[in-house]
Amino acid sequence: MKKRIFLLLIICIANLTSYAQESNNHPKLLAAFKAQNSLNLETSRELFSALLKETNVSKKDRCIALRKLSLQDWKFYKDYNQAKKRLMEAIQIGDYVSESYVVLNRIESEAHNYSNALVAAEKSLETATSASDSTYATYLYSKTILKEATNVTLQQKPIDTSKLRKASTLLQKILAKNPTHVNAAEVLLGVSLLLKDGSLALKSWLAYYRFVDVNAAYSYLKEPAKLLSLELPMWNSETSNFQRTKAIIVSLANSRFYDFAKLVALRENDSIQAKIKADSEIQDIIHYTNYLKKLKDTTDEYYRLSAIEKNEDENTKNREAFISNFRVTNDNLMNTLSIFKKKSSEYSIREFREKLRTHFGTVQIIASTSSSSTLGMIMGHIVNERTETIKQYNHESDFTFTEIDMMVSNGYPSWFWEDRGAGGFAVEDGFLRVKQLFKSLPINAWQRITDPVKRGKIEKEIAEKLFSNSTDEKTIFSGLSQKLELDALNDLYNTLKTQGYTGIQLQLKFIEMYEAYRDRATMFAHEGRHSLDKKVLKDNYRALGSTVIEYRGRLSQIVFSNEPRLELANMIDGVNNSPTGMSNKMIVDVAKEWILKNHSEIKNYDATQIPISQLYKLSNAQIIACYKAVDPFYIDSKK
């Protein structure tokens, strides 16, 4: 489906570790993180370095600064020795040693020093002080084994299967405890394919997408899911044949695991290899996979130069060189793939991208974002796409929700930050969402409701903020947000238990329902409302202004959701002076007015308490009625 990008929407998914936001951190550390968040590399380095020169710095803050500088040394300046030197100092100081070894593992792995990287992962595991740190270190150890085996396979040398079997065992243990650990599932898929363990590969494929079984696969992935379910259980070292291997390679590619599809092709025996080399469909997949690697390397290097270069003329040259390399790489692909029947010069950019989208599920955009003027590339692969007719009051419009994954690049800011970035882009009559930035949300929701420590902390914070007679609105909104969300998650959890779900099946169903709830509200209700507004209001749409446009989207997000408390929770605690923050304020003001007018209808309403602090006492039906009543579309429908 062709989609015209007309608006870039930035959704910043913050995943900053707690130390970056703690008020008791050293002021220079906080300032360094602020500079980093503003994409100011030089200033952040100066502040991190200045902190290290001071004497009244805690071990914790000193080690944080050393780890950050070490990553910068390596990522931006390729200074391997300096990066390791800083990490050794942090390890010697001794605060959060496990995390220092995590950074060391990354540097050694990216430098292709796999033996050293494995040692670093082992050390991270030895020094881990929490279950989550232990799990992460185990995952990194296994991931390093896969990276090494992949590198060896690409060189067409024998792999160490004993290491792969060890990684397989470790990853299966992780998934046994947490079946939604998609990163572990992805690594286990690669490991299983290299071991030719078809049955385990299928289980890993399903775990990555969080499908309970093949029948649960997205419609977009139904065909590769069906073929993999038929072929993988029959596939091992003894049962390989060309037709089965081709079906697996093509299905992996069609579910966007291009790197793994290429590995399967390279690992086959000589008799099958001859047929693989003569098969144009498989060769196209291999060439396309090589193209992705080339494009990623070119783009990442351009980003690196953009981050460290101070001279504007040099930045201009780097940008022009990137665009030139980008075009040459595309031309080379067109001249290589069998799907292109004409010379590269005879294809327009639009035709080229449409071909890639049709055959490889490619989405490719060259643009800057609202977070940075630096030109960048958004490139990933479609894994889920569905079109629905959005009906709200007397209006309707078709809306397409597209998810992309297996990203080559998510723009310059995302590359710079790594832990957040562009979460999605508005397109004509739809929305394009970057899946990887949302993978952790349902897992975090599950942990908030089932992890005694995390839940206990949230309940304590709710009590302190909401039930301590505080009159500070910011404090009340924060506690109210947590209360609304916790109540909604608790009801979902208890409903599923009542329906008979237990253990792992309960966890998987909870995550499935949470994702369905949020997709229904944020995509089809909220983004769908924007599509309806554009269709109905036409030229008057932009005249509404960003704040009112977002307010109208939020009204629909609440009213047409499965669980309005989840949606309201995300708005209550987001009041600020930005257009989005002001639209959240409008949502809060509607609730304030409704509560004052209808407090007699609210169960257990307490007249001695601040009215808005009792928003959590409203039923879902009352919340919907509250926001439906002020929606211009609803009001017009009643005339």
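This structure is a prediction, so every number in the text was calculated from the model and none was measured.
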**OP:** Report yes or no: does D73 contribute a side-chain atom to a donor-acceptor pair with the main-chain N or O of D79 at less than 3.5 Å?
**Re:** no
Original post:
Would R433 count as a cation-pi partner of F438, with NZ or CZ less than 6.0 Å from the six-membered ring centre and within 45° of the ring normal?
Top reply: yes
**OP:** Establish, yes or no, whether a centroid distance under 6.0 Å links the rings of F416 and Y303.
**Re:** no
**OP:** Mind running side-chain hydrogen bond (donor to acceptor under 3.5 Å, both in side chains) on S531 and D429 for me, showing each step along the way?
**Re:** CA-CA 6 Å; S531 291; D429 298 327; 4.8 Å; no
**OP:** Using the six-membered ring wherever Trp is involved, compare the ring planes of Y209 and F211 and label them parallel, tilted or perpendicular (cut-offs 30° and 60°).
**Re:** parallel
Original post:
Is a donor on one side and an acceptor on the other found under 3.5 Å between the side chain of Y302 and the backbone of L375?
Top reply: yes
Subject >> Stepwise salt bridge (Lys or Arg N to Asp or Glu O under 4.0 Å) test for K296 and D300 >> reply: CA-CA 6 Å; K296 178 174 175 54; D300 287 355; 3.1 Å; yes
**OP:** Answer with yes or no after comparing the ring centroid distance for W417 and F33 against a 6.0 Å cut-off, counting only values under it.
**Re:** no
**OP:** Evaluate the side-chain proximity of Y77 to R45: yes if any heavy-atom separation is below 4.5 Å, no if none is.
**Re:** yes
Original post:
Excluding sequence neighbours, so at least two apart, what forms salt bridge (Lys or Arg N to Asp or Glu O under 4.0 Å) with K310?
Top reply: E42
Subject >> E268 and K275: CA distance, side-chain angles, deciding distance, salt bridge (Lys or Arg N to Asp or Glu O under 4.0 Å) verdict >> reply: CA-CA 10 Å; E268 277 298 357; K275 294 181 180 179; over 6 Å; no
Original post:
Cationic tip of K147 within the cone over Y114's six-membered ring, i.e. under 6.0 Å and within 45° of the normal?
Top reply: no
**OP:** Starting from the C-alpha separation in whole Å, work towards a yes-or-no answer on side-chain hydrogen bond (donor to acceptor under 3.5 Å, both in side chains) for S338 and D284.
**Re:** CA-CA 7 Å; S338 66; D284 277 355; 2.5 Å; yes
**OP:** For the pair F352 and Y291, name the ring-plane relationship: parallel under 30°, tilted 30 to 60°, perpendicular over 60°.
**Re:** perpendicular
**OP:** Give the intermediate values and the outcome of side-chain hydrogen bond (donor to acceptor under 3.5 Å, both in side chains) for residues Q557 and E567.
**Re:** CA-CA 7 Å; Q557 183 177 339; E567 309 315 315; 2.8 Å; yes
Subject >> Non-hydrogen side-chain atoms of R267 and V264 separated by less than 4.5 Å >> reply: no
**OP:** To the nearest 0.5 Å, tell me how far T43 OG1 sits from Q36 CD.
**Re:** 11.5 Å
Original post:
Counting only N and O atoms by type, is there a donor-acceptor contact under 3.5 Å from the side chain of Y412 to the main-chain atoms of S372?
Top reply: no
**OP:** Please state whether the rings of H526 and H530 are parallel, tilted or perpendicular, taking 30° and 60° as the class boundaries.
**Re:** perpendicular
Subject >> F524 side chain reached by I390 side chain, heavy atoms, under 4.5 Å >> reply: yes
Subject >> With sequence neighbours excluded, residues passing side chain to side chain contact (heavy atoms under 4.5 Å, CB included) with N311 >> reply: E309, D313, E314
Subject >> Carboxylate-amine/guanidinium proximity below 4.0 Å for E385 and R357 >> reply: yes
Subject >> Stepwise ring-ring contact (aromatic ring centres under 6.0 Å, His included) check, F431 with F425 >> reply: CA-CA 6 Å; F431 195 82; F425 308 90; 7.9 Å; no
**OP:** Rounded to the nearest 0.5 Å, what's the gap from OG on S556 to CD on E527? Could you check?
**Re:** 11.0 Å
Subject >> Worked verdict on Y288 versus F360 for ring-ring contact (aromatic ring centres under 6.0 Å, His included) >> reply: CA-CA 8 Å; Y288 180 73; F360 302 105; 4.0 Å; yes
Original post:
By salt bridge (Lys or Arg N to Asp or Glu O under 4.0 Å), which residues pair with K246, not counting sequence neighbours?
Top reply: D279, E281
Subject >> Option passing side-chain hydrogen bond (donor to acceptor under 3.5 Å, both in side chains) with Y208 (candidates K439, K203, E186) >> reply: K439
Original post:
What distance do I249 atom CD1 and N254 atom CG have between them, rounded to the nearest 0.5 Å?
Top reply: 12.0 Å
Original post:
When rounded to the nearest 0.5 angstrom, what distance separates OG in S229 from CG in L206?
Top reply: 8.5 Å
Original post:
In terms of ring plane angle, is the pair H181 and Y139 parallel, tilted or perpendicular, where the classes change at 30° and 60°?
Top reply: tilted
